[in-house]
Amino acid sequence: RRELARAAQVEAFKPGVTVCWVSGASKATVGLVKGTVDAFDGALLHVKLVELPAALAQSQQAALKVGQIVTDEPVNWTPCA
């Protein structure tokens, strides 16, 4: 079962796939972070950010920027349109 789950995860997180992460307490209050998979090594997901919530994108002090590659656990991301 674990091998099947791992294979499905690798398939879901192929480079170029669009993925989303709901930041903060809720989508309505903070927003959706959208990116494309840059790489997935089976343990960590490397995502190039392509869209940030308006409030975050306009902040001069935001730690995240469009075009930045972030590394995170795949459980925090889901394929989206």
Side-chain angles (χ1 to χ4, degrees):
R1 283 187 183 193
R2 287 186 182 179
E3 286 303 315
L4 288 174
R6 187 177 308 266
Q9 195 175 43
V10 168
E11 183 68 24
F13 293 125
K14 283 185 175 180
V17 169
T18 300
V19 291
C20 293
W21 177 68
V22 177
S23 62
S26 71
K27 181 178 174 182
T29 60
V30 179
L32 192 68
V33 174
K34 189 180 278 191
T36 56
V37 174
D38 186 61
F40 177 55
D41 64 12
L44 292 173
L45 190 61
H46 307 276
V47 178
K48 183 176 183 179
L49 302 178
V50 296
E51 186 178 315
L52 299 172
L56 188 59
Q58 294 172 359
S59 170
Q60 294 296 320
Q61 299 168 352
L64 299 177
K65 303 286 184 198
V66 170
Q68 177 182 353
I69 295 178
V70 296
T71 300
D72 198 5
E73 295 179 359
V75 70
N76 295 322
W77 297 84
T78 187
C80 63

Legend entry - For Lys65 against Gln68, the heavy-atom pair lying closest together: N-OE1, 2.9 Å
Legend entry - Rounded distance [0.5 Å steps], CD in Glu73 versus CG in Leu45: 10.5 Å
Legend entry - Common cluster, Ile69/Val37, ILVMFWY with side-chain heavy-atom separation under 4.5 Å: no
Inset, instruction - Identify whether Val50 and Trp21 are in the same connected component of the hydrophobic contact network (ILVMFWY, side-chain heavy atoms under 4.5 Å). - result: no
Inset, instruction - Check whether any side-chain heavy atom of Phe40 lies under 4.5 Å from a side-chain heavy atom of Pro15, and answer yes or no. - result: no
Inset, instruction - Any chance you could measure Thr71, atom OG1, to His46, atom NE2, to the nearest 0.5 Å? - result: 4.5 Å
Inset, instruction - Is it possible for you to say whether Leu44 and Val19 belong to one hydrophobic cluster, with membership spreading through side-chain heavy-atom contacts below 4.5 Å? - result: no
Legend entry - Reported CG-to-CG distance for the pair Asp38 and Leu49, which is rounded to 0.5 angstrom: 10.5 Å
Legend entry - Test item: Thr18 and Lys34 side chains (from C-beta on) under 4.5 Å apart, heavy atoms: yes
Inset, instruction - Work out which heavy atom in Gln9 is nearest to a heavy atom in Pro74; give both atom names and the distance. - result: NE2-CG, 3.5 Å
Inset, instruction - Please examine the side chains of Val70 and Trp77, heavy atoms only from C-beta on, and report whether any two atoms are closer than 4.5 Å. - result: yes
